[in-house]
Protein chains: 2
Amino acid sequence: MTSPALTKNQTLVFDVLTKSESALSAYTILDKLRDNGFRAPLQVYRALDKLLEHGMVHRLESLNAFVACAHQQSACCGSHGHGTVAFAICDSCGHVIEFHDHEVDHRLDDWARGQRFKPEKRTIEIRGLCESCA
Amino acid sequence: MTSPALTKNQTLVFDVLTKSESALSAYTILDKLRDNGFRAPLQVYRALDKLLEHGMVHRLESLNAFVACAHQQSACCGSHGHGTVAFAICDSCGHVIEFHDHEVDHRLDDWARGQRFKPEKRTIEIRGLCESCA
DNA sequence: GCAATTGATGTAATAACATTACATTTCAAG
DNA sequence: CTTGAAATGTAATGTTATTACATCAATTGC
Ligand SMILES: [Zn+2]
Ligand SMILES: [Zn+2]
Ligand SMILES: [Zn+2]
Ligand SMILES: [Zn+2]
C-alpha cells in the first residue's frame, strides 16, 4: 500500500524484475546484477524479502521465481491487499498474467471457515499456454 | 483413474507417503528408505514421477514436498480427474487437507476462456493454521 | 531359445535454489 | 560524536532436483 523508499539493492532488483517479460529466478537476477556489484545470492534474497513484504513483488511457487507486481496503484479495489493474487503462467513463452477474482477468494474463505482453518497465505497458479502460444 | 501395478520402488515410496501424517520432501523419503536399499535421490524422484502421473501422489508447490492422494476411489465425482485439487496446509503441525471445489474450478476456467489461456495444470494451496493449531 | 526393444534400476556427479553465520558499513537519532 | 538499527558484503553450507551413463529385468518377435 504505502510505497516506501527502496534501498540501492532493492531498487536494482525491482528494476530488473520490472523490465523483465517473464518471471526470474533469484540466481538469474544475481547474474543480471553482477555488473552492479552483486556477488552473492543473499544480496538478491534480502532485497526480494523486502519487496515481497511491501507487496511489490510476488513469488511464483510452481516456478521458484519472482515477478514484479503487475497491479497499478489502487487498481480495481485499491491494490490487492484485500484478496488473493492469482497467476496464469505460459509454459511456452514464460509470460505471466496476474489477476484476482473475488468469487474465488470468497469461495476459498468460505471453505476455510467451514473447516475452522485460518488462512495466512494463498497460492493460485495456472500453468498452461497463453493466447499467443496456444 | 486406473490403478496400475506399482514397481518395488514405487510401492515403497507410496507406502511411506501413505503412512505419513504430513507432506514429505524427496530427501526425507530417501532417508526413510535407506534401510530398504535406497541410496540416491533419483530413486525417489523416479518413483514420484510415476506416482504423480498416476494421480496417486500430489506435489505441494509451496512446500517442495509430496503427499499421497487423500481421495477414495470414486469419491464425490469419480476421483478428481475432472477438476483441480486444492490443499490447506497447516504451517504449525504440517497437516494437509486435500479438497476440491467445482465453483472455484469453473470460475478459473471461465477466466482462462476469457483470456484465451489454455490451462494445463492448476495449483491451489492455502497456508495457515488448522483447527487444532489455531 | 535368442536377439531386440523397452522400462526399471543403480550410482555418481552436478545443477539449481535457499539459508546460516559473521564481519562491516551506513545513517539517522540522541 | 556516540550509539543503535538497518543494510550490506562474503563465505560456507544446506536443500531440492536433474543429467549422464551403466546395468538389469521383462517382453516381444523371430
Ligand atoms: Zn500484485
Ligand atoms: Zn506464451
Ligand atoms: Zn488427490
Ligand atoms: Zn495444525
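Letters go in sequence order (proteins before strands), and every chain restarts at 1.
Contact check, Gln43(A) against dT8(D): no side-chain N or O comes under 4.0 Å of OP1 or OP2. Within the structure, a side-chain polar atom (N or O) of Thr7(A) is placed less than 4.0 Å from OP1 or OP2 of dT8(D). Side-chain N/O atoms of Lys50(B) include one lying less than 4.0 angstrom from OP1 or OP2 on dA8(C). Within the 4.0 Å cut-off from OP1 or OP2 of dA17(D), at least one side-chain nitrogen or oxygen of Asn64(B) is found.
Of the candidates dA18(C), dT18(D), dT19(C), the closest approach to any side-chain atom of Leu42(A) belongs to dT19(C). For Ser25(B), taking side-chain heavy atoms from C-beta onward, the closest of the listed nucleotides dC17(C), dT10(D), dT16(D) is dT16(D).
Contact of Arg46(B) with dG7(C) (side chain to base): no donor-acceptor pair of N or O atoms is detected under 3.5 Å.
In this model, a donor atom of one side chain and an acceptor atom of the other lie less than 3.5 Å apart for Ser62(B) and Glu125(B).
Side-chain atoms of Asp91(A) do not come within 3.5 Å of backbone N or O of Arg127(A) as any donor-acceptor pair. Proximity of a side-chain donor or acceptor of Gln115(B) to a complementary backbone N or O of Ala112(B) within less than 3.5 Å is not detected. Remark: side-chain polar atoms of Thr28(A) are not paired, donor with acceptor, to backbone N or O of Leu24(A) under 3.5 angstrom.
Summarising the geometry, the separation between CG on Leu60(B) and P on dT16(D) is reported as 13 Å, rounded to the nearest angstrom.
Projected onto DNA chain C by closest heavy-atom contact, Pro41(B) and Ala65(A) fall at different nucleotides, the more 5' of which corresponds to Pro41(B).
The aromatic ring of Tyr27(B) sits over the base of dT16(D), with ring centres less than 5.5 Å apart and planes inclined by under 30°.
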